[in-house]
K.L.:
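Mind having a look at this structure? Questions to follow.
The analysis underlying the following values was restricted to heavy atoms, covering all of them including side chains, and did not include hydrogens, waters or symmetry mates. Numbers here are sequence positions counted from 1. Nothing here was measured: the structure is a model prediction, and the numbers come from that model.
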Amino acid sequence: MTPRPGGEWSSALSHLALGAVSLHAALSTAQANRGAAAGFLLQALAAAIMLASGLGTDEDCLAGAWVATVIGLPLLAFDFHWCTNGHLMCAGCFIHLLADARLKEEQATCPNCRCEISKSLCCRNLAVEKAVSELPSECGFCLCQFPRSILERHQKEECQDRVTQCKYKRIGCPWHGPFHELTVHEAACAHPTKTGNELMEILDEMDQSHRKEMQLYNSIFSLLSFEKIGYTEVQFRPYRTDDFITRLYYETPRFTVLNQTWVLKARVNDSERNPNLSCKRTLSFQLLLKSKVTAPLECSFLLLKGPYDDVKISPVIYHFVFTNESNETDYVPLPIVDSVECNKLLAAKNINLRLFLFQIQK
């Protein structure tokens, strides 16, 4: 077993810091919460055992193993929550457990002791978060070990093996490679010597992609010039269908915009039978006109995040002509960026968004 160069002392210091912080936390919480204190004491003992058994080997370097996520998700952030008995959950697992419980109409429970968990019952463990930020983690490019607190900066700015692009990418160079090869590539890159006609073809392709992005924003600016514009905060509340196997859906209370009464509905994975068994989760929504109209009502609409939420939603404009006979749109995707953002919405008590409506007048 060969020690990792330069990794032994950093690992030893990380374990020493972890042991000290955990021991201090165990003593501080012993009177208030014995379960939490026992958890901290075990963490301190684990750090001591790692120090005593020797560090720096490929087989034995298990630094940070005690923070493995409870349901197998990647450790993406340093946020840690703990249940009333002191068991730890990283932020990703915590949100995933709450979202699964919402889909299954169950009370979310701790995977270790099965006590109830929720955003009000669980709190963050700042001592563990601090300790985890100092634990070594492997860079995905150079495979060296760094404290988690500086790993992101290392990967973005310092690592010589990080993937980078040629400075001539704006004129079509497709090269991607390690940073330490960038200077050699740019010195030999053929794109600066291309003729004007060759570059025009490349730039035309790039312009087409740019035009698609600008078209959305130009459409929004155009809609903002309309005479009749309305917006409101909407709150999607969870309900269950009356089927034998109930399904989760969301619906807002009735609200008034543009002097009309509306309702929004939403569903998970297009009402898939068991969305809790799927790692990929999406939300789609439907806009319904509840009031009667004397003439067709042509509208454009879009949903954005509310003022107090941090969910990431990409703006998409939808268009529909409402009549008394056709008063509801098809279900359209809520353009959240990924399943992690969807889980954040499902884990919340309600989903709070902002709806914009633009009436198109002939």
Side-chain angles (χ1 to χ4, degrees), residues 73-77 92 137-226 269-270 278-285 300-305 309-319 332-345 354 356 358:
L73 296 177
L75 182 59
L76 300 177
S137 185
E138 189 176 83
C139 172
F141 302 118
C142 64
L143 305 182
C144 294
Q145 299 259 335
F146 296 91
R148 290 179 184 272
S149 57
I150 66 170
L151 181 61
E152 183 178 0
R153 186 187 70 191
H154 165 78
Q155 291 180 327
K156 287 184 176 180
E157 302 174 8
E158 301 170 357
C159 183
Q160 294 297 304
D161 290 326
R162 69 185 186 272
V163 177
T164 187
Q165 293 178 282
C166 176
K167 67 180 180 181
Y168 300 114
K169 67 177 182 179
R170 295 177 65 85
I171 56 174
C173 180
W175 183 85
H176 289 70
F179 179 78
H180 64 79
E181 296 180 6
L182 179 62
T183 304
V184 175
H185 164 77
E186 289 179 348
C189 184
H191 278 73
T193 62
K194 287 183 178 291
T195 65
N197 287 334
E198 290 174 325
L199 290 178
M200 284 302 297
E201 293 178 4
I202 296 170
L203 293 174
D204 284 342
E205 293 179 4
M206 296 176 67
D207 283 345
Q208 288 179 8
S209 175
H210 181 66
R211 267 189 227 105
K212 291 179 181 178
E213 295 178 3
M214 290 302 299
Q215 185 176 0
L216 170 64
Y217 295 102
N218 289 334
S219 299
I220 294 176
F221 292 139
S222 176
L223 291 172
L224 290 174
S225 67
F226 283 16
N269 286 15
D270 289 325
S278 173
C279 290
K280 185 177 180 181
R281 291 172 182 170
T282 60
L283 283 168
S284 53
F285 72 98
S300 293
F301 60 95
L302 72 156
L303 275 176
L304 298 175
K305 75 181 188 71
D309 290 328
D310 62 351
V311 65
K312 298 175 183 176
I313 297 181
S314 303
V316 174
I317 300 170
Y318 297 104
H319 184 83
V332 293
L334 180 64
I336 45 184
V337 297
D338 54 30
S339 296
V340 174
E341 297 299 314
C342 186
N343 279 335
K344 286 183 182 179
L345 293 176
R354 177 173 284 177
F356 286 86
F358 307 89

K.L.:
Please answer whether the main-chain N or O of C139 pairs with a side-chain N or O of Q155 as donor and acceptor at a distance below 3.5 Å.
P.N.:
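Absent.
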K.L.:
More than 12 non-hydrogen atoms from neighbouring residues, nucleotides or ligands closer than 6.0 Å to CD on E152, yes or no?
P.N.:
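Open.
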K.L.:
In sequence, state the C-alpha distance, the side-chain angles, and the governing distance for H154 and C142, and then conclude on side-chain contact (heavy atoms from CB on, under 4.5 Å).
P.N.:
CA-CA 10 Å; H154 165 78; C142 64; 3.5 Å; yes
K.L.:
Looking at every non-hydrogen atom in both residues, tell me the closest pair between K305 and R354 and how far apart they are.
P.N.:
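Of all heavy-atom pairs spanning K305 and R354, the closest is O-CB, 4.0 Å.
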K.L.:
Between R153 (side chain) and I150 (backbone), is there a donor-acceptor pair under 3.5 Å?
P.N.:
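Not at all, since once roles are kept as given, no pair shorter than 3.5 Å links the two residues.
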K.L.:
Taking the six-membered ring of F141 as reference, does the NZ or CZ atom of R162 fall below 6.0 Å from its centre and within a 45° cone about the axis?
P.N.:
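Verdict for F141: no cation-pi partner in R162.
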K.L.:
So, taking the atom named CH2 in W175 and the one named NZ in K169, what distance separates them when rounded to the nearest 0.5 Å?
P.N.:
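It comes to 12.0 Å.
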K.L.:
What distance separates L223 CG from F301 CZ, expressed to the nearest 0.5 Å?
P.N.:
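With rounding to 0.5 Å, CG (L223) is 12.0 Å from CZ (F301).
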K.L.:
Classify the angle between the aromatic ring planes of Y318 and F285 as parallel (below 30°), tilted (30 to 60°) or perpendicular (above 60°).
P.N.:
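Rings of Y318 and F285: perpendicular, as their planes differ by over 60°.
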K.L.:
Which value, rounded to the nearest 0.5 Å, describes the distance between C173 atom SG and Q165 atom CD?
P.N.:
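Rounded to the nearest 0.5 Å, the SG-CD separation comes to 9.0 Å.
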K.L.:
Assess the residue pair F358 and L302 against the criterion (side-chain contact (heavy atoms from CB on, under 4.5 Å)); give the C-alpha distance rounded to whole Å, side-chain angles, the decisive distance to 0.1 Å, and a yes or no.
P.N.:
CA-CA 9 Å; F358 307 89; L302 72 156; 3.4 Å; yes
K.L.:
Are P178 and V163 close enough that some pair of their side-chain heavy atoms sits under 4.5 Å apart?
P.N.:
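Heavy-atom side-chain distance check fails, nothing below 4.5 Å.
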K.L.:
Do R281 and N343 get their side chains close enough for a donor-acceptor pair, meaning under 3.5 Å?
P.N.:
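The criterion, which ignores hydrogens and geometry beyond distance, is satisfied for N343 and R281.
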K.L.:
Is C166 close to H185 at the side-chain level, that is, under 4.5 Å between some pair of heavy atoms?
P.N.:
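A side-chain contact exists here, since the closest heavy-atom pair is under 4.5 Å.
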K.L.:
Return the OG to CG distance between S284 and L334, rounded to the nearest 0.5 Å.
P.N.:
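Interatomic distance, S284 OG to L334 CG, rounded to 0.5 Å: 8.5 Å.
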K.L.:
Would you give the length of the straight line joining atom CG of N269 to atom OG of S339, rounded to the nearest 0.5 angstrom?
P.N.:
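Answer rounded to 0.5 Å: 8.0 Å.
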K.L.:
Between the main-chain N or O of I317 and the side-chain N or O of H319, is there a donor-acceptor pair closer than 3.5 Å?
P.N.:
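No, the answer is negative, given that no donor and acceptor are paired below the 3.5 Å cut-off.
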K.L.:
Is any side-chain heavy atom of V311 closer than 4.5 Å to one of K344?
P.N.:
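A side-chain contact under 4.5 Å is absent here.
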K.L.:
Can a donor-acceptor pair be found, under 3.5 Å and without considering hydrogens, that links the side chain of H191 to the backbone of G172?
P.N.:
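The answer is yes, because a donor-acceptor pair under 3.5 Å joins these two groups.
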K.L.:
To the nearest 0.5 Å, what is the distance between NZ on K280 and SG on C342?
P.N.:
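Interatomic distance, K280 NZ to C342 SG, rounded to 0.5 Å: 11.0 Å.
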K.L.:
Between T282 and I336, is there a side-chain heavy-atom distance shorter than 4.5 Å?
P.N.:
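Not touching, per the 4.5 Å side-chain cut-off.
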K.L.:
Does a side-chain heavy-atom distance below 4.5 Å link D161 with F179?
P.N.:
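No, every pair of side-chain atoms sits at 4.5 Å or beyond.
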K.L.:
Locate the shortest heavy-atom distance separating L216 from P315; write the atom from each residue and the value.
P.N.:
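The answer is CD2-O, 3.3 Å.
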K.L.:
Quick one: does E341's side chain have a donor or acceptor within less than 3.5 Å of a partner on K312's backbone?
P.N.:
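Side chain of E341 to backbone of K312, a donor-acceptor pair under 3.5 Å: yes, one is there.
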K.L.:
Main chain of Q215, side chain of S219: is a donor-acceptor contact present, judged purely on distance under 3.5 Å?
P.N.:
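Indeed, once roles are kept as given, a pair shorter than 3.5 Å links the two residues.
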